[in-house]
Amino acid sequence: MKRLGVNIDHVATLRNARGEIHPDPVNAAKFVKKVGADSITIHLREDRRHINDLDAKRICSIKKLLVNLEISTNSKIVKTALKIKPDFICIVPENRQEITTEGGLNLKKNKLKIKKILAKFKKKRIRTSLFINPSIIDVRISKELNTDCIEIHTGRLANLVKSGKKYSSELNKIIKCSKVASQLGIEVHAGHGLDYKTTKLLKNIKEIKEFNIGHYLIGESIFFGLSRVIKNFKRIIKK
Ligand code: PXP
């Protein structure tokens with residue numbers, strides 16, 4: 001059974017636009033779970049542009065809610081994440097000027113640093129994941145780093161599909177990486193830029209166990225409501 005993780009950062013973005021307390025991402029996390037999400041994702045960015053430390057703490061203390069915390073390799077963020085103790089962490093690259101995460105991690109350059117960070121979370125029995133580009137080399141490095149999971153960056157595929165360009169080569173890369181990772185004993189997730197169409201393209205890859213979806217899902221909810229949109233995504237990934 002494939003799982004759906006819902007990224008609720010955009011709820012915090014909306015709240016922050018007013019500098020007040022509504023809409024509360026804590027309520028969003030509870031609601032999203034109630035209507036069928038298997039986990040929620042939040043990204044504690046270095047500039048705290050959406051979720052802040054208090055949100056993360058409150059969300060991680062909600063009972064029976066699985067929380068995936070995305071973090072960079074910044075040492076202060078790592079320390080904060082270790083204190084907050086989410087169920088899962090996913091290490092992502094972070095660049096202050098970007099609007100959203102633009103690519104996968106540069107594993108070659110940051111091997112040692114990432115390995116040490118993963119070991120700290122593993123010691124606390126927190127599931128670890130690395131956000132990587134669909135590259136076999138990166139899958140093999142991920143294995144060396146001893147991560148539990150990888151999340152394959154689907155942003156390029158999504159952009160190709162949305163702009164009506166040929167996407168089969170990018171899709172094949174995702175398929176191959178999913179197979180190799182799974183053979184190496186790494187659990188495979190996928191995320192970034194996914195909408196109904198791109199999720200339908202990926203749902204048949206049996207190695208992908210989890211999808212993490214945010215922007216499109218929250219955007220569609222303005223028209224159709226969170227409950228309906230989450231049910232639609234669950235139906236798509238169920239096969
Ligand atoms: N997965 C990761 C690692 C991400 O950084 C993001 C964006 O925060 C997502 C999934 C969700 O991407 P989107 O908001 O485009 O659905």
Side-chain angles (χ1 to χ4, degrees), residues 2-14 16 25 28-29 32 37-51 55-56 59 66-74 77 81 86 88-107 114 117 127-134 138 142 147-163 174 177-178 187-203 208-222 226 229-230 232-234 236-237:
K2 294 184 192 299
R3 304 183 301 267
L4 174 68
V6 174
N7 183 317
I8 58 163
D9 288 337
H10 297 292
V11 176
T13 305
L14 192 58
N16 297 351
V32 154
D38 297 294
S39 59
I40 66 129
T41 289
I42 47 178
H43 184 173
L44 191 65
R45 293 188 75 104
E46 288 166 33
D47 61 7
R48 308 298 198 274
R49 77 169 72 140
H50 30 69
I51 294 291
D55 296 327
I59 289 169
L66 294 172
V67 181
N68 176 36
L69 185 66
E70 290 177 2
I71 54 164
S72 70
T73 55
N74 174 292
I77 293 279
F88 317 137
I89 57 120
C90 179
I91 301 181
V92 300
E94 199 173 302
N95 160 10
R96 194 64 47 83
Q97 273 79 43
E98 69 192 2
I99 294 173
T100 180
T101 318
E102 285 166 351
L105 288 159
N106 185 339
L107 293 185
I114 293 174
I117 295 172
R127 186 191 80 177
T128 59
S129 183
L130 298 174
F131 190 46
I132 66 166
N133 292 317
D138 284 349
S142 299
T147 185
D148 300 314
C149 316
I150 53 166
E151 180 167 327
I152 299 181
H153 194 307
T154 53
R156 197 173 131 74
L157 174 79
N159 286 339
L160 291 170
V161 173
K162 280 174 211 163
S163 53
I174 296 173
C177 286
S178 303
E187 185 174 293
V188 182
H189 308 157
H192 213 282
L194 297 177
D195 57 11
Y196 292 138
K197 194 170 173 186
T198 37
T199 307
K200 276 180 194 162
L201 285 175
L202 297 168
K203 69 158 189 182
I208 297 180
K209 302 296 180 201
E210 182 177 306
F211 289 97
N212 287 309
I213 306 178
H215 188 263
Y216 180 84
L217 187 154
I218 300 289
E220 276 294 277
S221 300
I222 293 172
L226 271 171
V229 178
I230 288 174
N232 288 345
F233 270 109
K234 288 282 285 191
I236 291 171
I237 67 176

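Atoms within each ligand, like the ligands themselves, are counted from 1 in listed order.
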(Q) Return the CG to CG distance between Leu202 and Leu194, rounded to the nearest 0.5 Å. (A) 6.0 Å

When you check ligand 1 against the protein, what N or O pairs turn up below 3.5 Å? List the atom names and distances, or just say none.
unit_1   : atom_1 : unit_2 : atom_2 : d
ligand 1 : 1 (N)  : Glu70  : OE2    : 3.4
ligand 1 : 1 (N)  : Glu151 : OE2    : 2.5
ligand 1 : 5 (O)  : Glu70  : OE1    : 3.1
ligand 1 : 5 (O)  : Thr101 : OG1    : 3.0
ligand 1 : 8 (O)  : Asn7   : ND2    : 3.3
ligand 1 : 14 (O) : His215 : N      : 2.8
ligand 1 : 15 (O) : Gly193 : N      : 2.8
ligand 1 : 16 (O) : Gly214 : N      : 2.8
ligand 1 : 16 (O) : His215 : N      : 3.4

Q. Considering residues at least two apart in sequence or located in another chain, which fulfil the salt bridge (Lys or Arg N to Asp or Glu O under 4.0 Å) criterion with Arg156?
A. Glu170

Q.
Tell me every residue that passes side chain to side chain contact (heavy atoms under 4.5 Å, CB included) with Asp9, counting only those two or more places apart in sequence or in another chain.
A. Asn7, Ile42, His43, His50, Ile51

Q: Please name the pair of heavy atoms, one in Asn74 and one in Glu46, separated by the smallest distance, quoted to 0.1 Å.
A: CB-OE2, 3.3 Å

Q: Scan side-chain atoms only and decide if Thr13 and Asn16 contain a donor-acceptor pair under the 3.5 Å cut-off.
A: no

Quick one: side chains of residues 213-220, donor-acceptor pairs under 3.5 Å with protein atoms, not counting sequence neighbours, listed by atom name and distance.
none

